[in-house]
Amino acid sequence: MRVTEGVSSGAMPELPEVEAVVRALRPLVVGRKITSCRVLHPIAVRPSSGHGAKLAAARIEKSLRGRKVTGVTRLGKFLLMPLDRGIVAMHFRLDGQMVWFDSKETRGHIDVAIGFGKGTLGFVDRRHFGRVEFEEDPGKIAGLAKLGVDPLSKGFTREKFAQLLSKSTLPLKLFLLDQKKVAGIGNIYSNEAMWLARLKPMRRARSLSPIEAARLHKSIGAVLRRALKCCLHPAPNFRDPNWWFQGIEDILNVYGREGKKCRRSDGTILRTEQGGRSTFWCRGCQK
DNA sequence: CCTGCTACCTGATGGC
DNA sequence: TGCCATCAGGTAGCAG
């Protein structure tokens, strides 16, 4: 119940949501010069060591000012904004969002405001789990270098995926959530992919047969592409501070459906805890 | 190296 | 009605 409402109120951006944000952000900032950067909530730029937020804030403000945005890309759930010198990495974690103001005037609780002359890009996160980082060397962005293969990239082949699976004893669910293995899948789409592939979340990764591994590989791609399509229609609207992706719940088959009937078998959707997180699955058709 | 557990946050929820 | 404990979730860091 709560989980379902969490989805509709707009949370937990995974790969498809971040990809849609990337595409919508591109025309707003690529080629433009950053005229100012204000860190209004230093926790958003705090290094993961937990200290030095003030220093980090001063550094990021100084580093971004005067730089030109050369692109907007994505790796896993990271949104990357390469500059003519250095790179900005944003991670939305659970609740992070972007807002755009056509003027210098900003409203609401902005954590980091990046000014582009007449427009301003705001990074917002009520819970302050999300992070904005700047590094001259992308390899120094925390967590970025450790990321596994992006499931929408060319490198995500059936063979590569099967090999990754064969090396892990983790339960399937935890394997899919591990960003070091495959980067970009979160709690929602991991559940959806396992349901589509008819695989039980508790199965050990390396126990999958070649046929099952191929099925999961195909399902991951299908689930993510379908979600991306949903996220692009309608396109993200950063100008509306209350904007969030619409209609995601409609394409979900298991996530948040505890107690409801499975859409393709006689089973009832169950909720089980794995690694302290909710797993939704159907005993009737996931083996 | 690998896996498991917890802290980090705050809004929503539900019990009293 | 109102207060307050509980819970959700992605990731880093640490323990084993």
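Sequence lines set the chain letters: A, B, ... in the order given, protein chains first and strands last, and positions in each chain run from 1.
Sequence neighbours left out, the pairs with a member in residues 106-117 of chain A that pass side-chain hydrogen bond (donor to acceptor under 3.5 Å, both in side chains) are A:D111-A:H128.
The pair A:R38-A:E61 does not meet the salt-bridge criterion, since no charged nitrogen lies less than 4.0 angstrom from a carboxylate oxygen. Salt-bridge annotation for A:E192 and A:R226: absent, with no side-chain N of the basic residue lying under 4.0 Å from a carboxylate O of the acidic one. Ionic pairing of A:R59 and A:E135 is present here: one or more N-O contacts between side-chain nitrogen and carboxylate oxygen are shorter than 4.0 angstrom.
Of all heavy-atom pairs spanning A:L15 and A:A183, the tightest one is CD1-O, 3.8 Å. The two atoms that bring A:L80 and A:I87 nearest to each other are CB-CD1, 4.1 Å, heavy atoms only.
An OP1 or OP2 oxygen of C:dG10 is reached within less than 4.0 angstrom by no side-chain nitrogen or oxygen of A:Q179. Applying the 4.0 Å criterion to OP1 and OP2 of C:dG9, one finds that A:S278 has a side-chain N or O inside that range. Distances shown here put a side-chain N or O of A:K77 below 4.0 Å from the OP1 or OP2 atom of C:dT11. Between C:dG9 and A:Y255, a contact under 4.0 Å exists linking OP1 or OP2 to a side-chain N or O.
Within the 3.5 Å criterion, the main-chain N or O of A:V254 finds no donor-acceptor partner in the side chain of A:N191. Counting only distance, with no hydrogens or angles, the side chain of A:Q286 and the backbone of A:G284 share no donor-acceptor pair below 3.5 Å.
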Scan nucleotides 14-16 of chain C against the protein and return all N/O pairs shorter than 3.5 Å with their distances rounded to 0.1 Å.
none

Protein and nucleotides 6-10 of chain B: nitrogen or oxygen contacts under 3.5 angstrom:
| from | atom 1 | to | atom 2 | distance (Å) |
| --- | --- | --- | --- | --- |
| B:dC9 | OP1 | A:R46 | NH1 | 2.7 |
| B:dC9 | OP1 | A:R46 | NH2 | 3.1 |

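Between A:L15 atom CG and C:dG10 atom C1' there is a gap of 14 Å when expressed in whole angstrom units. Atom-to-atom, CZ of A:F175 to C1' of B:dC2 comes out at 14 Å; the value is rounded to the nearest Å. Following rounding to the nearest Å, A:M12 (CE) and C:dA8 (P) show an atom-to-atom distance of 11 Å. The distance from atom CG of A:L75 to atom P of C:dT11 is 12 Å, rounded to the nearest whole Å. Rounded to whole angstrom, the span from the CG atom of A:L177 across to the C1' atom of C:dG9 amounts to 10 Å. One can place NZ of A:K180 at 11 Å from P of B:dC1, the figure rounded to the nearest angstrom. The interatomic distance linking A:D178 (CG) with B:dC5 (C1') rounds to 15 Å, in whole Å. Separating the CD atom of A:Q274 from the C1' atom of C:dG10 is a distance of 16 Å, rounded to the nearest angstrom.
For the pair A:W195 and A:C262, the minimum side-chain heavy-atom distance is below 4.5 Å. In this structure the side chain of A:R239 never reaches within 4.5 angstrom of the side chain of A:V99, judged on heavy atoms.
Using a 4.0 Å heavy-atom distance criterion, A:K181 is classed as a sugar-phosphate-only contact.
Side-chain contacts under 4.5 Å among hydrophobic residues (ILVMFWY), followed directly or transitively, place A:W281 together with A:M202, A:L270.
Looking at residues two or more places apart in sequence or on another chain, you find a salt bridge (charged side-chain N to carboxylate O under 4.0 Å, His left out) between A:R23 and A:E19.
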Item to check | Pair assignment for DNA chain B - dot-bracket with | for other-strand partners, Watson-Crick or G-U under 3.5 Å | outcome: .|||||||||||||||
